[in-house]
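Sequence positions, counted from 1, serve as the residue numbers for this chain.
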Amino acid sequence: MRKIFRYCLGALFVLIIAVIAAAIWVGFPVTMAGMAAKTVCSGIFVAGRPAEQVIRDDFLPASAILSLVQVRVNQAGKSVQAQVPGFSAREAVWLRARGCVLDGTSGSGNAVSGNAALPAAVSASPPAARATQPWPAGDLAPNPGIAPKLDAVFNRAFAGGQGAGLQNTRGLVVVHKGQLLREQYAPGFDANSRLHGWSMTKTLAAMIVLKQLADQGIALDTPVVDVYPADKRPAWWAQWKADDRSKITVADMLFMRDGLSNTEGYQPWSDVPRLLWGGPDVPAYAAKASAQAPAGTRWRYVSATTNLLTHALLARSGVDGPQWVNAVTQPIGANSMVVETDARGTPVMSSYGWASARDWARLGWLLMNDGMWRVPGSEAGKWEEKRVLPAGTFKQMVAPSLASGYGSSYGMQVWLQGREESQCNAASGVPTDTVSMGGHWGQVVVMVPSRDLIVVRLGWTMRSGLFDRCALVRDVVQAVGG
């Protein structure tokens, strides 16, 4: 009898494992196809790069298993279809200001609603004027010989060249005392190239959210469920309202301490790939998480959190996704910025920001200067300032999420890299007030207020250890001096 029991128990265990494995496998190829379609589409139609280069350098090196995916590019239709043979195909289509949208067509092949009325980019200055004005208001290129002490820093940053398994720096910009001191780009990229910021988009999200909170009089301690207008509550709203998730505030999400069960795994079967490429509604996937810890008590870096917060604030704003983003980017002339949306039209603020290196620098400079922007004055050679973000934004964002532990090195969607608990600290030669936007595979916008310094590095460094952001900051600080 015991043998039969053990046999049945063993068979049940094997069956459970088989069911779980099958579920993972069935979902995995579809997610892989989504990653392929989205990555290739964005590289071609958002960044403007050749298809074969994007597939070779950006997609295939991410994992050997991705060679199973078949990719078809439709240049005329500005779309990319991808499929693992035997499984469902996925398609990403370029929808102008919404970028490349995964599952961006209906079953009939018609683009999802919202494509026809997208706002055009508005320049802070006429293009001709921008070409002759110095940064940040304009795009006048710096004098290449103005900062010879940076030669060694830039040489190290671009050492090894381009390609899979290499450091693969694509753009490097240094801004010192409000001046675009030096910039350099890898072959195939230039000052106008849109470069993927990945999670640097989270910092932009916090800037937009804080501006909206101030403009609309919404308190930081407002529960996120109460931010939604009654007519724009998502399907999962009632479940959240009925349990402990109703206690999660706007501040909890800004500081990454919502207590939800979401995780930040990057394996193909983990949460982040399924969040970004698993289906058409990114916030809905994130909202499936249960309350795991009391809100406000635990810090955990999770991309899902950013998308839940921004979904609520976007619903409250009364505008579409591109207009919501433009509230911060347009006043500073960061006109290359595109934050791609999911198929429902929600900007994926955790991960999908694309902009030129100069425009990423503009965002860093705006934040470091507490939301004040510099524009040409009425007199030649004179500058005036205007407020874009609420006063005190920088101080709010660099407050530690928690008093101790690794969460004390994170603020409102921004890394406090100079703190003792952080990846970089004073012992490494990085100033203690250093803060940064950080993104996957080596994207970074570093702000050092005490040195009036911005450092922007963008690339595609897939192999760990080839890029050291702390060393880059230390070296630039030493090169430019006080």
Which donor-acceptor pairs under 3.5 Å do side chains of residues 56-66 form with protein atoms, sequence neighbours excluded?
residue: Asp58; atom: OD1; partner: Arg170; partner atom: NH1; Å: 3.4
residue: Asp58; atom: OD1; partner: Arg170; partner atom: NH2; Å: 2.7
residue: Asp58; atom: OD2; partner: Arg49; partner atom: NH1; Å: 2.6
residue: Ser63; atom: OG; partner: Ile65; partner atom: N; Å: 3.4

Using atom types as modelled, flag every donor-acceptor pair under 3.5 Å from a side chain in residues 463-472 to any protein atom, sequence neighbours excluded.
residue: Asp468; atom: OD1; partner: Cys470; partner atom: N; Å: 3.0
residue: Asp468; atom: OD1; partner: Ala471; partner atom: N; Å: 3.1

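Residues Phe154 and Arg156 have side chains not in contact (no heavy-atom distance under 4.5 Å, counting atoms from C-beta outward). With contacts defined as side-chain heavy-atom distances shorter than 4.5 Å, the pair Thr341/Leu95 does not qualify. Residues Thr306 and Leu309 form no side-chain contact, since every pair of their non-hydrogen atoms from C-beta on lies 4.5 Å or further apart.
His311 is linked by a ring pair (Phe, Tyr, Trp, His ring centres under 6.0 Å) to Tyr228, counting only residues two or more places apart in sequence or in another chain. Residues passing the side-chain contact (heavy atoms from CB on, under 4.5 Å) test with Ser336, sequence neighbours excluded: Arg194, Ala355, Ser356, Asp359. In terms of the side-chain contact (heavy atoms from CB on, under 4.5 Å) criterion, residue partners of Ala361 (sequence neighbours excluded) are, by chain and number, Trp135, Val173, Val175, Ile454, Val456.
More than 12 heavy atoms of other shown residues, nucleotides or ligands fall within 6.0 angstrom of atom CD in Gln216.
No side-chain donor-acceptor contact under 3.5 Å links Glu340 to the backbone of Val46.
Evaluation of the ring-ring contact (aromatic ring centres under 6.0 Å, His included) test over residues 333-354, restricted to residues two or more places apart or in two chains, returns His196-Trp354.
Applying side chain to side chain contact (heavy atoms under 4.5 Å, CB included) to Thr222 and the options Ile218, Leu220, Val224, Val225 leaves one that passes, Ile218.
The distance from the OG atom of Ser317 to the CH2 atom of Trp324 is 7.5 Å, given to the nearest 0.5 Å.
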